[in-house]
Each structure stands twice: as structure tokens, then as C-alpha cells.
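Structure, as C-alpha cells:
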Number of protein chains: 2
Amino acid sequence: MRADAQRNVDAIAAAAADCLSRDPEASVADIAKAAGVGRVTLYGHFPSRAELVDAAVARAITDGHAVLDAVDLDGDPRAALARLVDASWELVNRFRSLLLAAQRTLPPGRIQELHQEPADRMRRLLERGRAEGVFRTDLPTSWLITTMQNVMHGAADEINADRLKSADAARYISTTVLAALTPPGHRVP
Amino acid sequence: MRADAQRNVDAIAAAAADCLSRDPEASVADIAKAAGVGRVTLYGHFPSRAELVDAAVARAITDGHAVLDAVDLDGDPRAALARLVDASWELVNRFRSLLLAAQRTLPPGRIQELHQEPADRMRRLLERGRAEGVFRTDLPTSWLITTMQNVMHGAADEINADRLKSADAARYISTTVLAALTPPGHRVP
């Protein structure tokens with residue numbers, strides 16, 4: 001791809017992430033305008049709304065790497081997990097309107113596929129905690145990661161529906177997740 | 001509404017629940033055909049796809065009451081909850097393709113609103129378990145119910161995406177939910 005074409009693709013993905021995280025129904029015309037490109041150029045790179053939403057989610061997740069990189073994952077795995085979940089939730093909450101657009105547009109499993117990198121961070125920490133005996137080993141790591149994502153994405157839906165306050169969500173999520181990860185026979189923190 | 005019109009509405013809702021639980025993209029034409037009515041009649045009762053999906057979900061949930069009514073909710077609240085979650089999961093799993101259609105079509109929070117009746121069953125049991133000291137009281141009941149729904153609906157998504165086996169899901173779900181409900185300081189069952 002030529003450099004100017006790549007710049008357009010980047011600008012469109014950034015504009016899509018921005019517009020859709022304010023309004024899940026943002027139109028292709030709005031996104032083209034925010035990216036400073038014409039609709040024909042936009043459709044040339046992203047022929048369908050699904051491709052545009054996909055690129056926006058990928059972009060939002062890439063932008064989130066810096067936030068997750070700053071999380072200290074050393075020390076007690078439970079405390080480290082609480083920090084990672086808090087930082088992850090901050091990102092999910094910021095992009096919850098984009099998540100809604102993705103749930104409406106992308107095929108089953110695609111949202112999880114796009115979360116490969118954040119899931120890998122969770123996985124490494126979970127595996128350390130399992131090796132140290134503080135996280136359960138009777139359920140697969142993949143299921144535990146899915147559960148954490150579902151609890152966070154479900155909280156985002158509840159906020160979108162005005163049934164949960166943003167201010168309460170972080171504590172509810174980390175409390176619930178830490179209990180769900182506790183090995184059978186061990187005490188819930 | 002006249003009796004024949006009511007019969008048409010019922011037949012359309014039942015056909016929609018049936019068609020969408022086999023194919024989330026089932027067309028209005030397919031549903032009209034399965035209901036034995038013309039498209040004009042169908043559109044007369046359900047002007048939009050969203051209204052049709054809404055009626056299908058409501059119908060599936062109503063049909064599920066009989067399954068949930070058969071669950072013994074007496075005795076140890078944890079064992080009763082495991083039975084209720086197993087039966088609920090059986091229903092969610094049976095209708096997971098309809099759930100996908102609903103996630104794509106209905107406004108935020110509407111799926112939860114439609115689950116009022118099954119949520120109330122969960123709530124009564126949770127409240128008994130909280131009173132008996134076996135379920136946590138440091139998080140609101142509404143959040144605990146949301147969490148159970150998110151874990152089940154998330155498992156359905158995973159199966160839709162071929163990332164989880166139906167045969168494993170029931171055990172993963174009840175194990176996870178029972179841990180999440182355990183009060184701080186108590187041992188996970």
C-alpha cells in the first residue's frame with residue numbers, strides 16, 4: 001500500500017474508533033468527515049460497515065496497549081490481576097459504545113478474536129497464579145479469560161442500559177472476578 | 001384484538017422463535033412461511049425485524065417457564081442454584097442462535113428486560129441464600145443476577161464461535177457461578 005493510502009486507512013480507523021465510541025450508530029458519512037476523506041475513498045478501503053467497525057475495534061485495542069503496559073503485573077497474582085482488571089475495565093468502559101456497535105455488526109467470536117493481545121496478558125498472569133496455587137486449575141484458562149471478558153462486557157451493557165453506575169462497576173467487576181478464580185476449598189478474598 | 005388476529009400473532013411469534021433458533025439470519029419471508037401467513041399479515045403485526053425478534057425472545061422465555069417450574073428450589077441454596085443454573089443454561093443453549101439475533105437487533109438492556117421472570121426466580125433463591133449466609137451480600141443482587149446471565153450468554157457466544165464444547169459448558173458455568181457467589185472469607189465449594 002502506498003504511504004498516502006496507508007495514512008488514509010489509519011485516519012479512517014482512528015476516526016471510526018472515535019465516532020463509534022461516542023455513538024454506536026455513527027454513519028459512514030460522519031466517519032468519512034471526521035477522517036477528512038471522501039466517502040468514495042472510505043468505501044474503497046472499507047467496503048462494508050462491518051469492516052469499518054472491525055478496524056475501529058482493532059484500533060481501540062491497539063491504543064489500549066500503552067495503558068495495559070503501564071500495569072505492574074509483579075507480586076501477589078491476585079493483587080496484580082485486580083490491577084489488570086481495573087485498567088482493562090477503564091478501556092472497556094471508555095469504548096463501551098464501540099463495543100455495542102461491534103456486538104451488532106461483527107460475526108460470533110470476532111470480538112474475542114480481536115482481543116487476542118489483551119487475552120494473552122491475562123493468560124500469562126493467570127498461569128503464574130495457577131502455578132502459585134492462588135487461581136483455580138479445575139477450569140481451562142481460556143474459559144477463565146472468557147469469563148473475565150464477559151463480566152466486563154456485560155457491565156458495559158448494563159451501563160449502556162442505565163442499569164449500573166460507572167462509579168460502582170470497577171469494584172463489582174474485580175470482586176466478582178477474584179471470587180470466580182479462587183480454587184475450590186480456598187477462601188474468597 | 002380479534003381471535004384470528006391473536007392466533008396469527010401467536011403463530012408468528014412461535015415460528016420466529018423456531019426459525020431464529022436455527023438460523024439467526026432467518027428472513028421475514030422464511031418466518032411468514034413457517035407461520036403459514038402472508039408477509040403483508042406479518043408486517044401488519046410486526047412492522048420491523050426488531051419487533052419480530054423481540055416477540056420471538058419473549059415467546060422462547062415464556063416457553064421456558066415450564067422447564068424452570070420443574071426445578072426443585074428447596075434445600076441447600078447452593079445445590080438449588082446449581083440446579084436452576086443447569087436448567088437455565090439448557091434453555092439458553094437451545095436458543096443461542098436466537099440470542100445472537102437479539103444481540104444484533106434489540107436495543108441495549110432489552111434482552112435483560114425480557115428476562116424479568118427468570119431473573120425474579122434467581123433473585124428469590126439468591127435472597128434466601130443470602131439470608132442463610134451462603135451467598136455474598138457485599139454486592140447487589142441485581143449485579144449477581146447480571147453476572148450469571150453474562151456467564152451463560154457468554155458461553156453461548158463461545159459455542160456459536162466454535163470455541164467451547166456444548167458438553168463442557170454446563171459444568172464450567174455452574175462451577176464459575178457458585179464461586180462468584182461465595183461470600184468473602186468463605187471457602188469456594
Side-chain angles (χ1 to χ4, degrees), chain A residues 24-25 50 96-97 99-113 135-136 138-140 142-165 168-169 171-189, chain B residues 24-25 50 96-97 99-113 135-136 138-140 142-165 168-169 171-189:
Chain A
E25 308 287 350
R96 64 176 195 268
S97 150
L99 176 67
L100 186 56
Q103 286 164 337
R104 289 186 179 170
T105 317
L106 302 185
R110 182 62 187 153
I111 294 176
Q112 264 66 31
E113 259 175 49
F135 295 144
R136 67 190 318 152
D138 60 331
L139 295 172
S142 59
W143 168 258
L144 299 176
I145 292 168
T146 296
T147 297
M148 287 193 276
Q149 289 178 335
N150 289 334
V151 169
M152 285 191 263
H153 291 176
D157 293 341
E158 288 289 291
I159 294 176
N160 282 336
D162 275 327
R163 290 157 43 107
L164 176 63
K165 284 186 213 143
D168 291 329
R171 180 176 74 84
Y172 292 2
I173 292 166
S174 59
T175 303
T176 304
V177 161
L178 283 173
L181 293 176
T182 302
H186 287 226
R187 291 187 195 280
V188 167
Chain B
E25 309 287 349
R96 63 177 195 268
S97 150
L99 177 66
L100 186 57
Q103 286 165 337
R104 288 184 178 171
T105 317
L106 302 185
R110 181 62 186 153
I111 294 176
Q112 263 65 30
E113 260 175 49
F135 295 145
R136 67 191 317 152
D138 59 331
L139 295 173
S142 59
W143 168 259
L144 299 175
I145 292 168
T146 296
T147 297
M148 288 193 275
Q149 289 178 333
N150 289 334
V151 169
M152 285 191 263
H153 291 176
D157 292 342
E158 289 289 291
I159 293 177
N160 283 336
D162 276 327
R163 291 157 42 107
L164 176 64
K165 284 185 213 142
D168 291 329
R171 181 177 73 85
Y172 293 1
I173 292 167
S174 58
T175 304
T176 304
V177 161
L178 283 173
L181 293 176
T182 303
H186 287 226
R187 291 186 195 282
V188 167

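Below, chain A is the first sequence line, B the second, and so on; all start at residue 1. Treat the numbers as computed from the prediction; the structure is a model and nothing was measured. Basis for what follows: all heavy atoms, side chains included, without hydrogens, waters or symmetry-related copies.
- For B/P183, the part lying near chain A is the backbone, with the side chain staying farther off; criterion is any non-hydrogen pair under 4.5 Å.
- Both the backbone and the side chain of B/A155 come within contact range of chain A, with heavy atoms under 4.5 Å apart.
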Determine all donor-acceptor pairs shorter than 3.5 Å in which one atom belongs to a side chain in residues 171-179 of chain A; sequence neighbours excluded.
from   : atom 1 : to     : atom 2 : distance (Å)
A/S174 : OG     : A/A170 : O      : 3.3
A/T175 : OG1    : A/R171 : O      : 2.7
A/T176 : OG1    : A/Y172 : O      : 2.6
A/T176 : OG1    : B/W143 : NE1    : 2.8

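- Counting all heavy atoms, side chain and backbone alike, B/G109 lies closest to A/A161 at CA-CB, 3.4 Å.
- Among A/Q103, A/R104, A/R110, A/Q112, the residue making the largest number of heavy-atom pairs under 4.5 Å with chain B is A/R104.
- Contact of B/P189 with chain A is made through the backbone alone, with heavy-atom distances under 4.5 Å.
- Rounded to the nearest 0.5 Å, atoms CD1 (A/I111) and CG (B/D157) are 8.0 Å apart.
- With respect to chain B, the highest number of heavy-atom pairs below 4.5 Å among A/A169, A/S142, A/P140 belongs to A/P140.
- Considering only heavy-atom pairs separated by less than 4.5 Å from chain A, the leading option among B/R187, B/E158, B/H186 is B/R187.
- Here the CE atom belonging to B/M152 is positioned 10.5 Å from the OG1 atom belonging to B/T147, to the nearest 0.5 angstrom.
- Every salt bridge (Lys or Arg N to Asp or Glu O under 4.0 Å) that B/D138 has, sequence neighbours left out, goes to B/R136.
- Contact tally against chain B (heavy-atom pairs below 4.5 Å) for A/N160, A/L181, A/T146: the top residue is A/T146.
- When each of A/G154, A/P108, A/P24 is checked for heavy-atom pairs under 4.5 Å with chain B, A/P108 comes out on top.
- Minimum interatomic distance between B/A156 and B/L99 (heavy atoms only, all atoms of both residues): CB-CD2, 4.0 Å.
- In this structure, chain A has heavy atoms under 4.5 Å from both the backbone and the side chain of B/T182.
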